[in-house]
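Data first, discussion second: the structure below is written as structure tokens.
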Protein chains: 2
Amino acid sequence: MEFKEAKNKFVQTWGALGSQWGINKTMAQIHALLMVSNEPVSMEDIMEELQISRGNASMNLRALMDWGIVYKEFKVGERREFFTAEKDLDELAVKISRERSKREIKPTLKVLKEVSSIEASNSDEEKHFVDQTKKLYDFVLKADNVLDKITEYKDNWLTKLVVKIMK
Amino acid sequence: MEFKEAKNKFVQTWGALGSQWGINKTMAQIHALLMVSNEPVSMEDIMEELQISRGNASMNLRALMDWGIVYKEFKVGERREFFTAEKDLDELAVKISRERSKREIKPTLKVLKEVSSIEASNSDEEKHFVDQTKKLYDFVLKADNVLDKITEYKDNWLTKLVVKIMK
DNA sequence: TTAAACTTTCAAAAAAAAATGAAAGTTATT
DNA sequence: AATAACTTTCATTTTTTTTTGAAAGTTTAA
């Protein structure tokens with residue numbers, strides 16, 4: 001396999017993985033492309049490499065920047081904007097975790113708290129509902145906190161976690 | 001808020017969360033419904049509660065069973081099939097992790113290994129590609145292994161993990 | 001201040017994913 | 001072995017998501 005082929009394969013695979021995790025394909029592909037580029041890439045080049053429209057590129061780059069995992073770069077004497085991806089994987093994982101927690105887990109926790117707080121009548125059905133949603137609340141909260149704690153290690157959190165678990 | 005409203009809110013929320021994580025909405029809703037039901041539910045009832053077609057119910061129940069998180073139950077003297085969800089949350093999380101690892105992470109690792117094994121010429125571009133994809137391979141592999149180890153604790157793995165991390 | 005070089009926005013189109021429902025399939029009962 | 005009770009399949013339709021591209025917006029430089 002030669003370089004171009006390998007690069008393309010990586011971009012496609014990362015895109016597919018993205019969709020399976022609720023991230024749109026193009027967004028994941030742009031991210032993939034930037035991650036393996038040793039220097040900042042212009043929007044023009046992204047459009048060219050991925051064969052996508054200007055609007056598509058613009059919107060997905062915006063989304064990636066909102067996630068905090070892609071940055072704009074300016075080159076001296078260049079009018080165009082260039083983009084780079086967060087390449088430190090520990091940092092990347094931390095940012096994605098934090099963002100998903102904020103956007104998805106926290107709101108879910110709020111709902112779980114609400115629905116588990118209803119006045120359960122005497123019926124088994126209602127009792128079970130309250131019991132199960134309470135358990136779910138506790139579980140999700142605990143998992144969310146664990147993730148938070150782990151990623152607090154900052155540098156090499158994954159390696160540090162391995163050490164903790166092994167001993 | 002009364003029971004019916006709370007139940008509906010939970011089902012909707014779980015469904016929305018599902019889509020954000022790449023699981024189809026109905027599949028997540030059926031799962032939610034079964035999780036908070038204190039007794040097995042028939043296909044007919046699922047269709048009724050979620051207002052979905054027979055085909056949709058059938059296909060998504062099949063998918064949930066393939067994931068190993070929903071089971072068929074038979075009631076004596078009943079022709080119809082009934083369904084229940086895995087209600088133990090530790091077990092649920094383990095099954096989902098294992099399945100996602102098998103379906104998505106493992107194949108991705110294979111590709112990462114492939115593309116990071118190309119003969120990198122002398123160009124910085126190619127060197128960076130190989131370097132980055134190698135790092136990614138190591139990271140994903142390590143994360144996958146950690147998840148595996150954690151869920152091996154079986155009972156109360158999340159609590160055990162909290163303990164390990166805190167001390 | 002004008003124009004060129006570039007980016008963003010968003011209504012409309014296209015593509016992808018999910019849902020329907022009727023026919024085919026299966027299994028249990030008489 | 002016929003029928004009733006149920007489930008699965010899959011071509012078609014519907015819905016949702018993504019993409020396009022042209023117009024509007026912005027910034028820089030002459």
Side-chain angles (χ1 to χ4, degrees), chain A residues 11-34 40-67 70-85 100 103-104, chain B residues 11-34 40-67 70-84 103-104:
Chain A
V11 169
Q12 295 305 322
T13 304
W14 208 241
L17 191 67
S19 353
Q20 285 162 329
W21 288 79
I23 285 136
N24 112 30
K25 196 185 65 181
T26 303
M27 189 169 153
Q29 286 181 342
I30 293 177
H31 181 250
L33 187 62
L34 295 179
V41 184
S42 70
M43 204 158 95
E44 209 69 39
D45 287 347
I46 293 170
M47 288 162 58
E48 169 62 25
E49 282 222 50
L50 302 180
Q51 289 291 302
I52 57 173
S53 70
R54 190 170 294 287
N56 197 3
S58 176
M59 290 174 95
N60 283 114
L61 281 166
R62 154 81 21 235
L64 284 163
M65 289 189 293
D66 289 347
W67 276 77
V70 160
Y71 317 111
K72 256 188 195 164
E73 300 238 330
F74 299 94
K75 285 190 182 177
V76 286
E78 271 278 14
R79 182 71 165 280
R80 290 174 301 168
E81 298 171 339
F82 290 80
F83 301 88
T84 18
R100 293 208 91 142
R103 296 181 194 205
E104 296 147 19
Chain B
V11 169
Q12 295 305 321
T13 304
W14 208 240
L17 191 67
S19 350
Q20 286 163 325
W21 288 79
I23 285 135
N24 112 29
K25 195 185 66 180
T26 303
M27 190 169 151
Q29 286 182 342
I30 294 177
H31 181 250
L33 186 63
L34 295 179
V41 184
S42 70
M43 205 157 96
E44 208 70 38
D45 287 348
I46 293 170
M47 288 163 57
E48 170 63 24
E49 282 221 52
L50 302 179
Q51 290 290 302
I52 57 172
S53 70
R54 191 171 293 285
N56 197 5
S58 175
M59 288 174 94
N60 282 116
L61 281 166
R62 153 81 21 233
L64 284 163
M65 289 188 294
D66 289 346
W67 276 78
V70 160
Y71 316 111
K72 257 189 194 161
E73 299 238 330
F74 299 95
K75 286 189 181 177
V76 285
E78 272 277 14
R79 180 71 165 280
R80 290 175 300 167
E81 298 172 338
F82 290 80
F83 301 89
T84 19
R103 295 183 194 203
E104 296 147 19

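Throughout, protein chains are lettered first and strands after them, A, B, ... in sequence-line order, and every chain is numbered starting at 1. The basis for the numbers below is simple: all heavy atoms, side chains too, and nothing from hydrogens, waters or symmetry mates.
Within the 4.5 Å cutoff, no side-chain heavy atoms of B:E48 are placed close to those of B:V41. Residues A:L61 and A:I46 form a side-chain contact, since some pair of their non-hydrogen atoms from C-beta on lies under 4.5 Å apart. Counting heavy atoms from C-beta outward, B:W67 and B:M27 have side chains that approach closer than 4.5 Å. Taking the side chain as every heavy atom from C-beta outward, B:L17 and B:W14 approach each other to under 4.5 Å.
Rounded to a whole Å, the CZ atom of B:R80 is 14 Å from the P atom of C:dT29. C:dT9 atom C1' lies 12 Å from atom CZ of A:R62, rounded to whole Å. At whole-Å resolution of the value, CG in A:L61 and P in C:dT7 are 10 Å apart. A straight line from CD1 of A:I46 to P of C:dC6 spans 15 Å, rounded to a whole angstrom.
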Tabulate atom names and distances for all N/O pairs under 3.5 angstrom spanning the protein and nucleotides 14-23 of chain D.
residue: D:dT19; atom: OP1; partner: A:T26; partner atom: OG1; Å: 2.4
residue: D:dT19; atom: OP2; partner: A:T26; partner atom: OG1; Å: 3.2
residue: D:dT19; atom: OP2; partner: A:N56; partner atom: OD1; Å: 3.3
residue: D:dT19; atom: O5'; partner: A:N56; partner atom: ND2; Å: 3.3
residue: D:dT20; atom: OP2; partner: A:S53; partner atom: N; Å: 2.6
residue: D:dT20; atom: OP2; partner: A:S53; partner atom: OG; Å: 3.0
residue: D:dT20; atom: OP2; partner: A:N56; partner atom: ND2; Å: 3.2

Might you list the N or O atoms of the protein lying below 3.5 Å from N or O atoms in nucleotides 25-27 of chain D, with each pair's distance?
residue: D:dT27; atom: O2; partner: A:R79; partner atom: NH2; Å: 2.6

Take A:E104 and B:W21 through the test side-chain contact (heavy atoms from CB on, under 4.5 Å) and record every step on the way to the result. CA-CA 9 Å; A:E104 296 147 19; B:W21 288 79; 3.0 Å; yes
Might you work through the side-chain contact (heavy atoms from CB on, under 4.5 Å) test for A:F74 and A:E81, ending with a clear yes or no? CA-CA 6 Å; A:F74 299 94; A:E81 298 171 339; 4.0 Å; yes
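Of the candidates B:N60, B:L64, B:I30, B:T84, B:L64 is the only one forming a side chain to side chain contact (heavy atoms under 4.5 Å, CB included) with B:V70.
B:E81 comes within contact range of the sugar-phosphate backbone alone, with a heavy-atom separation under 4.0 Å but no base atom that close.
To the nearest 0.5 Å, atom CZ of residue A:R103 and atom CG of residue A:D66 are 6.5 Å apart.
One finds a side-chain N or O of A:K72 lying less than 4.0 angstrom from the OP1 or OP2 phosphate oxygen of C:dT8.
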